Each structure stands twice: as structure tokens, then as C-alpha cells.
Amino acid sequence: MQVFWHRRDLRVHDNRGLATAAESGDVAPVFVFDDEVLAYASDRRVAFLREALDALRDAYRERGSDLLVRRGDPSAVIPDVAHEFDADAVHWNADYSGLAQERDEAVADALSRDGVETHQYHDAVLHEPGTIRTNAGDPYQVFTYFWKKWRDREKADPFDPPAAAALADVTGDALPDAAALGFDDPDIDLPAAGHAPARERLDDFCESDVYRYADARDYPAAGATSRTSQDLKYGTLGPREAYARTEAAMADAAGEDERESVEEFRAQLAWREFYAQVLYFTPEVVASNYNEYENPIEWRNDASEISAWKAGETGYPIVDAGMRQLRDEGYVHNRVRMIVASFLTKDLLADWRIGYAHYREHLVDHDTANDNGGWQWAASTGTDAQPYFRIFNPQTQGEKYDPDAEYVREHVPELADVPAEKIHDWSDLDPAERDELAPDYPAPVVDHGERREDAIAMFEAARGDE
């Protein structure tokens with residue numbers, strides 16, 4: 001008997017560890033609700049997780065098996081499962097946070113004491129951390145150089161799902177409901193979870209929008225994104241399967257522009273792996289600056305300004321649209337994520353960790369490596385970060401990437417009838433005109449020009465330039 005322990009790989013398709021375990025046959029799959037992990041979870045993400053587990057359980061039942069579901073400390077639960085089924089070995093796919101690495105080491109040690117073999121695989125990435133390094137042998141700190149090597153490496157083919165005969169005849173338990181796990185039902189409609197809807201989203205994207213991705217990806221109203229971020233995070237979609245689908249799109253591309261657009265989407269897959277590698281080698285970045293300054297950064301952290309940012313009431317339309325999309329959908333367009341992160345850290349002078357924690361609470365697709373990397377990029381504290389003196393102007397960002405204010409009007413109904421040019425000029429309008437155009441929408445909470453100078457001074461003081 002083999003035990004396969006699911007974590008962030010909630011699929012039977014293109015699952016390296018599961019496929020390898022199935023070569024020995026008689027595999028009993030298990031998922032463990034780990035209270036230490038649940039401590040960092042949210043209502044929305046737990047709801048999506050449960051739906052993904054429902055879909056995974058159905059996939060096993062279709063094959064004459066089932067998903068075992070347990071709760072507790074994996075270093076105690078997994079050895080108990082191995083003992084219950086008299087397993088010779090336990091298999092799982094690696095995760096890369098510090099918490100995950102410590103957990104997996106504890107589980108491996110416990111199983112070893114019981115004489116049970118352990119096998120760990122790199123499944124969540126196409127190239128495991130540490131295999132793409134500088135010529136000096138160090139992990140890359142600059143994405144561009146990482147990407148050049150990543151794109152030229154041969155990619156493995158997707159793994160086949162296990163045959164029914166390779167799975168154990170087991171009967172699983174019912175999934176605990178949200179309340180039993182300590183959470184409420186989600187306050188938003190979630191995207192459909194599971195391999196089938198994930199693959200449908202990817203196919204729909206690769207049939208058309210991927211060919212305009214390079215030109216349209218930065219425009220939130222354009223809709224030219226795959227919307228598979230939550231699928232890659234929970235592993236309802238495998239990375240080899242995703243890459244193979246881009247190969248098919250590349251083969252169908254009608255010219256160099258379309259091929260370059262497919263390549264631009266592939267670069268986003270590489271970004272995920274770049275940040276996974278950063279997290280793997282420096283797990284402390286979850287709570288600490290990747291690049292420390294000579295002096296501490298004296299964040300302002302004004303409670304009322306932060307509250308306005310969270311509520312989407314800053315008086316900067318593109319920022320507020322992004323924060324309301326987060327609230328209403330559990331998702332934010334990537335360009336807008338950069339805009340709102342820059343606004344929090346550079347206009348409100350608030351610690352990036354405040355934004356990271358808020359996103360962790362509200363994003364359905366929250367990914368520790370990806371989100372941490374993005375926030376530290378915006379805050380000028382991370383690897384390959386935005387230079388501290390290069391600060392997004394929310395007004396010009398809105399003009400450039402939402403020129404007709406379609407995205408703003410969709411998420412900020414108070415501005416639905418305001419002309420686009422007035423929306424973009426909102427911070428420059430006099431109070432009387434703002435009150436006439438949209439009396440229920442707030443005035444800007446800060447002056448961008450003044451705060452830009454304050455931000456530069458704050459970072460120069462941290463650098464020791466004063």
C-alpha cells in the first residue's frame with residue numbers, strides 16, 4: 001500500500017507525485033486540514049479549497065477509490081494513516097514556504113521512526129528551486145536573467161492521471177463544513193473549483209485572448225487575462241499541463257506578434273517560479289524585507305488613511321476601483337494590484353505588510369510567494385524591486401491603462417455618469433465641481449505630489465543619504 005498526501009495539488013491530472021506513487025499501485029489518497037495552515041486562511045479561500053476537494057473526491061470516486069480526509073498536525077496524522085493502511089511509503093509534492101518545509105521535515109522524521117519510506121517530488125513548478133542559478137551558483141535576484149534561462153529549458157510533459165486499478169479501495173469521510181473549520185461562508189461568488197473548470201478557463205483563454213495578451217494584459221477593462229491564478233495556486237491545474245496548452249497555442253499562432261503574445265503569457269508562469277525560488281531560499285521574506293536598508297523605514301501607517309484604502313474611498317478612482325474589485329470579487333487585475341500597492345506604500349507611506357495581510361484575507365488566489373514578491377516589489381524592499389524613487393502616479397496610471405474609465409465605472413458606481421476626463425482629473429478638480437459631478441464620492445485623502453516627495457525623503461533617510 002502507498003499513501004499519497006495531497007496539499008496544493010488538488011487534481012489527479014498532471015500530478016507528478018501521484019503518478020509516481022501509482023507506479024507501485026494500491027494508492028490511498030489523503031488530505032489533512034492542518035490547523036497551523038488554517039490559522040493563515042480566510043473564509044473565501046477555505047470555501048474555494050473545500051470546493052476543490054469536492055471535485056478531487058469526485059475524481060477518485062469515478063475511479064473506484066475515494067479521498068481520505070483528516071484534521072490535525074500532519075506529523076501525527078500522516079503516520080497514523082500510514083499505520084492504518086499498513087503503508088510501505090508515503091508520497092507528496094513539495095511546497096516552498098518556511099512553514100511547509102518545517103512541516104514536511106517533521107512528517108518525514110515521524111514516518112522514518114516508524115520505518116515508512118518517504119518520497120517527495122517537485123510538482124508545482126516546471127523547474128525546481130535551485131536548478132536555475134547565476135554563473136556563480138547563486139539563486140537569481142533579477143527576473144530577466146532567470147527568465148532567459150527558464151524559457152530555454154526543456155519542459156516535462158504532463159503526467160497521466162492514475163488508472164483506477166492503481167488506486168486503493170478506500171472509503172473517505174465527509175468534508176467538514178466551514179463552521180467546523182472555524183470559518184464563515186464566503187461573502188462573494190467564487191469561481192468554479194476543480195480541474196474541469198480550471199482547464200476550461202485555460203482553453204478559453206488560449207483559443208483567443210492569449211493572442212492579444214501582450215498588448216492588452218495591462219488594461220483591466222480588456223479582459224485579456226486567463227483568470228487561472230487560483231487554479232495554479234491550489235493545483236487544480238498542473239504547470240506542465242498549462243505549459244503544454246501554450247505550446248498548442250504557439251503552434252496555432254498566426255504570425256510573430258501572436259507568438260510573442262503567447263511568450264509573454266509564459267513569462268507570467270516563470271514569474272511564479274521565480275518568486276517560489278525566492279521564498280524557498282529566503283523564507284523569512286514573508287515577514288521581513290528582502291533587501292534591508294541601512295536604517296529602518298519610518299512608515300507613516302496612518303490608521304484613517306489605511307482604512308480609506310481598504311474601503312476603496314481614497315478619492316483616487318483607479319485605486320478605489322481595484323480595492324472594490326478585491327472586496328467584491330476576491331480578485332484584482334495584475335496592473336491594478338501594482339497601482340494600489342504603490343499607492344499604499346508610496347502615497348500613504350504604509351508598511352507593505354499591512355497590504356499583504358489585507359490581500360491574504362480577501363484574495364481567493366492568495367499565493368504566499370507571488371503576493372509577497374509583488375508587495376515587496378512595489379514597496380522597493382524586494383528582489384528585483386521597483387527603485388524607491390520611481391513612484392506610480394495614480395492619475396496617469398488611470399489615464400494610460402483605463403483611458404475610457406470603463407474599469408473605474410464598473411467598480412465605482414458613484415462615478416458611473418462622470419466623463420472619463422473628469423474621472424482622471426478628479427484630484428485636480430475644485431471641491432465644488434467634484435460635489436456637482438459625484439457628491440457621494442470622496443475627495444483625495446492625500447496630495448500625490450506632496451506624498452511623492454515625502455516617500456523619496458523617507459527612503460533616502462532609510463538609505464542613510466541624509
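This is a predicted model, so every value here is computed, not measured.
Below 30°, between 30° and 60°, or above 60°: for Tyr280 and Tyr96 the angle between ring planes is above 60°, a perpendicular geometry.
Contact between Ala270 and Phe146 at its shortest, heavy atoms only, is O-CE2, 3.6 Å. Scanning all heavy atoms of the two residues, the minimum distance from Val210 to Ala249 falls at CG1-CB, 4.2 Å. Between Asp184 and Asp43 the shortest heavy-atom distance is N-OD1, 3.1 Å. Counting all heavy atoms, side chain and backbone alike, Trp309 lies closest to Met323 at O-CG, 3.1 Å. Residue His333 comes nearest to Pro220 through the heavy atom pair CD2-CA, 3.5 Å, listed as atom of the first residue, atom of the second, then distance.
In this structure, a donor-acceptor pair under 3.5 Å is absent between the side chains of Asp351 and Asn301. Arg11 and Thr236 share no side-chain donor-acceptor pair at under 3.5 Å. Between the side chains of Gln397 and Asp402, no donor-acceptor pair of N or O atoms lies under 3.5 Å. Thr381 and Asn291 share no side-chain donor-acceptor pair at under 3.5 Å. One side chain, Lys149 or Tyr140, offers a donor N or O that lies under 3.5 Å from an acceptor on the other. Looking only at atom types and distance, the side chain of Ser427 has a donor-acceptor partner in the side chain of Gln395 under 3.5 Å away. Donor-acceptor pairing under 3.5 Å is lacking for the side chains of Trp352 and Asn372.
The backbone N or O of Val364 sits nowhere less than 3.5 Å from a side-chain atom of Arg45 that would complete a donor-acceptor pair. The closest donor-acceptor contact from the side chain of Glu273 to the backbone of His127 lies under 3.5 Å. Gln386 places no side-chain N or O within donor-acceptor distance of the main-chain N or O of Ala379, the cut-off being under 3.5 Å.
Arg259 and Glu256 are joined by a salt bridge, as a carboxylate oxygen and a charged side-chain nitrogen come within less than 4.0 angstrom of each other. Between Arg337 and Asp365 there is a salt bridge, since a side-chain N of the basic residue sits under 4.0 Å from a carboxylate O of the acidic one. A salt bridge does not link Arg212 to Asp215: none of the charged nitrogens lies less than 4.0 Å from a carboxylate oxygen. Looking at Arg217 and Asp209, no side-chain N of the basic residue comes within less than 4.0 Å of a carboxylate O on the acidic one, giving no salt bridge. For Arg451 and Glu305, the salt-bridge test passes: some basic side-chain N is under 4.0 Å from an acidic carboxylate O. Using a 4.0 Å cut-off between charged side-chain N and carboxylate O, Asp430 and Arg434 make no salt bridge. The pair Glu313-Arg324 counts as a salt bridge, with a side-chain nitrogen and a carboxylate oxygen less than 4.0 angstrom apart.
The only member of Asp123, Asp9, Asp157 that meets salt bridge (charged side-chain N to carboxylate O under 4.0 Å, His left out) when paired with Arg240 is Asp123. Between Asp367 and the choices Arg360, Arg8, Lys233, the salt bridge (charged side-chain N to carboxylate O under 4.0 Å, His left out) rule is met once, by Arg8.
For the pair Arg7 and Trp5, the distance from NZ or CZ to the six-membered ring centre is under 6.0 Å and the angle to the ring normal is within 45 degrees. Taking the centre and axis of the six-membered ring of Phe389, the NZ or CZ atom of Lys346 falls outside the cone set by 45° and 6.0 Å. Annotation: cation-pi geometry not satisfied between Arg16 and Tyr121 (NZ/CZ under 6.0 angstrom from ring centroid, within 45° of ring axis).
By the 4.5 Å heavy-atom criterion applied to side chains, Arg201 and Gln230 are counted as neighbours.
Here Phe143 and Trp271 bring their ring centres to under 6.0 angstrom of each other.
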Evaluation steps, side-chain hydrogen bond (donor to acceptor under 3.5 Å, both in side chains), between His195 and Glu241: CA-CA 11 Å; His195 177 261; Glu241 183 177 12; 3.0 Å; yes
Audit row: Tyr211, Tyr213, ring-ring contact (aromatic ring centres under 6.0 Å, His included) steps and yes/no: CA-CA 6 Å; Tyr211 298 121; Tyr213 183 77; over 10 Å; no
